[in-house]
Amino acid sequence: MNSTPTVTASLPSATAAADGGGLGSTTFRRQMDEVVARIPMHAIRSVLDAVEGASSPNGERARHLRDALVDHFNRLRPMKARRLFTSLFEPFLVDDPILYRAPESVPALLQRVDMGGIWAALARYAFPGLAAEVQSRLDELAREAMLDAVLAGPDATVMRELMRKEALDFLYAMAGDRKLTDRFLALANDEAHHDARLRTQYLGRKAPIDGDLLGFVRALLEHNEVLVPLTERMRRDIEEMRKAEAPGVSDPRSAEVDCQSALMVGFVRRVRDLGLPFRDQSQVLAWFAPLYGLNVKRRYDVVLRHVREHGGPGVRESHPLLRALLCHFHAACTTIREAVDGMFGDMDIQNREIGDGGVLSAPAPTRALLGEAVERFDRVLTALSGTGFLASRSTGPALRAELGAVSRDLTGTVMPALAARLQAAMNARHAPVPDHEDIVWLLELVWRWGRTLGNAGYANPELKSLRLYAVETGRLAFLQAMKAEPQEKPAQRMAHLLRIRRLMAAMDESVDGWISPVSQGLHRVVYSYLEADGEIGADEWAVIDAFVASVRSELSRSRNWQSADFVDMLRLHEARRRAAG
């Protein structure tokens, strides 16, 4: 570390009096720390820029505020040496809880948790002294400046290059030492798995850090200077192409896939022009560009097009792109099963515990995880079907077994609970059930899930039965909901109708066909809304418009004895519609 340049800078003492007295300075700084702690992390930089750019008449107080901002920002980033080292891999890093569950390491995928585990092992076995010295030096520099500015400075650049060379030399040397490799991987995997469990729910096992992943890390370290700018350019081009619109194109989505595919071809050629290590098409580096599009940008459609048109005759199951697709598929299936088991594992579905007053509970992290897993399952299944993997004799049986396992989770675990809660939600006349939002979310998810399985040739008879049951239950509940009782307010009846309507909409079913023009209860509800001066919401207008449409239909085909009332209703509806704009 003797070669590391030293930059010495000093600021006025933080204990200098802000108002002429040490006690006042201490009190003011404590107040500043309390205020700064309430500022969101994403806003600290802009606040600091404003403080440093302001010509404040009280420079001492401004300095205390600046110091408090810097201290708060840096205090939340204690592992400075690790942050500096992992910045070598920043364009390649992802944090993907679904791919944690891949059966093996995904080709060319570098998770943040894996990089954290590799750093921990390198800091112990490769350069413990250097890591400690870098941490100490960064701590010193960060006392006076924001950590981001420190990490971009000349001192940090030299220290990062030293760590890169040490890590690269160690990984090459470790390849010939089996015992050291085993110890290294054991520590790295323990750290990565612990970190991954903190980031996601229901994680059983995680894809291991293995020799293939270490080989990819070694290649990134060795070719970092050329791969980082190339990857940054690819990222910018992909994002700009997504934002750009193609005027005059009948199918913008297809045009975008065509453009992205052409972009991938260009980057594949540029990567292979880097030299011999990038030209062996059996290795990951040769397919770095489309693998980046798959693992980081999740462009399954573009990768499918690339495999079809540019993979060549050598595309087999062992091809890096197809191996990556398979890993994504298995990871999505495993995530669905683990999330479903974790969410419903403690519920006594067979004994109808859920139906007897129990409620579903789907917190936001569970919704996000399961929703993303189903979405990813749909997209990767489409890609695998397009490559012919489902019809293949070698890969088809294993993939169909995974599909069967996912289908059993749908029919054996989710649907019984959903059917019980769905009936309770539809019959809740005076107030929604506590888990109404969870039921709507799960119903939408199950329907999307079922359509995906059906498109893959795994149409579910149980799902069809649930749909028939749900529609019939909803129809009876809606007919009952239209009957307003004397003591009920119109808003209560409308709220119940809207709850049923939303449940049916989650299954792409409409309630308009159940609305009867001769329903006296619904007539009173609609009339009270149109006659009142209050604002009518969009969902309420949908029910009102459907009722008015049924009235028009009734008047067009018969001279009903209530025609005078019907005509009054139509006139009132037209007047309110004109008033609403």
Side-chain angles (χ1 to χ4, degrees), residues 96-98 101 200-203 332-349 352-379 381 406-428 431-455 460 462-471 473-474 477-478 481 495-511 537-539 542:
D96 192 332
I98 292 175
R101 298 165 168 88
T200 188
Q201 296 178 304
Y202 315 125
L203 182 63
C333 291
T334 302
T335 303
I336 291 172
R337 293 200 304 271
E338 289 183 352
V340 167
D341 292 344
M343 181 178 173
F344 294 95
D346 296 332
M347 299 180 181
D348 188 3
I349 298 172
R352 308 293 286 179
E353 176 185 301
I354 293 179
D356 294 337
V359 296
L360 295 174
S361 178
T366 300
R367 291 191 186 193
L369 180 64
L370 193 52
E372 175 63 21
V374 171
E375 174 68 21
R376 196 87 62 87
F377 174 77
D378 185 4
R379 293 166 60 195
L381 186 59
V406 171
S407 182
R408 284 192 296 273
D409 264 1
L410 174 66
T411 58
T413 303
V414 177
M415 283 168 47
L418 182 58
R421 295 308 301 153
L422 186 60
Q423 184 175 20
M426 288 178 175
N427 293 332
V433 292
D435 54 346
H436 182 84
E437 294 299 323
D438 294 319
I439 295 169
V440 172
W441 164 77
L442 190 58
L443 197 57
E444 292 174 343
L445 185 76
V446 165
W447 239 248
R448 179 153 52 100
W449 190 352
R451 283 197 302 269
T452 299
L453 290 173
N455 293 337
N460 207 303
E462 289 89 348
L463 187 61
K464 184 177 181 180
S465 299
L466 174 65
R467 185 185 189 92
L468 294 174
Y469 165 80
V471 170
T473 303
F478 196 84
H496 188 200
L497 293 171
L498 292 181
R499 289 196 295 272
I500 299 174
R501 180 176 178 272
R502 190 176 177 203
L503 289 167
M504 291 295 99
M507 300 184 295
D508 296 329
E509 287 286 344
S510 173
V511 300
D539 291 337

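This one's a predicted model, so the numbers in the text were calculated from it and none came from an experiment.
A distance of 5.0 Å separates CG in L442 from CG in L418, rounded to the nearest 0.5 Å. Distance check, rounded to the nearest 0.5 Å: OG1 of T366 to CE of M343 gives 7.0 Å. How far CD of E372 is from CG of D96: 7.0 Å, rounded to the nearest 0.5 Å. Atom CZ of R379 is separated from atom OG1 of T452 by 12.0 Å, given to the nearest 0.5 angstrom.
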Practice prompt. Using the side-chain contact (heavy atoms from CB on, under 4.5 Å) rule, take L422 and T473 through it: C-alpha gap first, then chi angles, then the decisive distance, then the call.
Written response: CA-CA 9 Å; L422 186 60; T473 303; over 6 Å; no
For this session: Under the side-chain contact (heavy atoms from CB on, under 4.5 Å) rule, what do V414 and D409 come out as? Steps first, then yes or no, please.
Result: CA-CA 7 Å; V414 177; D409 264 1; 5.7 Å; no
Using the rule given for salt bridge (Lys or Arg N to Asp or Glu O under 4.0 Å), can you reason through R502 versus E437, listing the C-alpha separation, both sets of side-chain angles and the distance that settles it, and then say yes or no?
CA-CA 10 Å; R502 190 176 177 203; E437 294 299 323; 2.6 Å; yes
Discussion item. Could you walk me through whether D378 and R448 satisfy the salt bridge (Lys or Arg N to Asp or Glu O under 4.0 Å) test, starting with their C-alpha distance in whole Å, then the side-chain angles of each, then the deciding distance to 0.1 Å, before giving a yes or no?
Written reply: CA-CA 9 Å; D378 185 4; R448 179 153 52 100; over 6 Å; no
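Residues meeting the salt bridge (Lys or Arg N to Asp or Glu O under 4.0 Å) test with E444, sequence neighbours left out: none.
Under the 4.5 Å side-chain criterion, counting only non-hydrogen atoms from C-beta, L463 is not in contact with W449. The side-chain heavy atoms of D438 and R367, taken from C-beta on, include a pair separated by under 4.5 Å. Residues R451 and D508 meet the side-chain proximity criterion, which asks for heavy atoms closer than 4.5 Å. W441 places a side-chain heavy atom less than 4.5 Å from the side chain of L370. Looking at heavy atoms from C-beta onward, E338 lies out of side-chain contact with T200 at the 4.5 angstrom threshold. Looking only at side-chain heavy atoms (C-beta outward), L497 and R501 stay at 4.5 Å or farther from each other. At least one side-chain heavy atom of R337 sits less than 4.5 Å from a side-chain heavy atom of T334. Inter-residue side-chain proximity for R408 and E462 is flagged as unmet; no heavy-atom pair is nearer than 4.5 Å.
Between the side chain of H496 and the backbone N or O of M426, at least one donor-acceptor pair lies under 3.5 Å. A donor-acceptor pair under 3.5 Å is formed between the side chain of T411 and the backbone N or O of S407. The closest donor-acceptor contact from the side chain of R101 to the backbone of P97 lies under 3.5 Å.
Taking all atoms of both residues into account, the shortest heavy-atom contact from A506 to L443 is CB-CD2, 3.8 Å. Between H436 and P432, the shortest heavy-atom contact is CB-CB, 4.2 Å. Of all the heavy atoms in D435 and L360, the pair that sits closest is OD2-N, 2.8 Å. Among all heavy-atom pairs drawn from V471 and M504, the shortest one is CA-SD, 4.3 Å. Among all heavy-atom pairs drawn from A428 and R499, the shortest one is O-NH2, 2.8 Å. Among all heavy-atom pairs drawn from A339 and Y202, the shortest one is CA-CD1, 3.7 Å.
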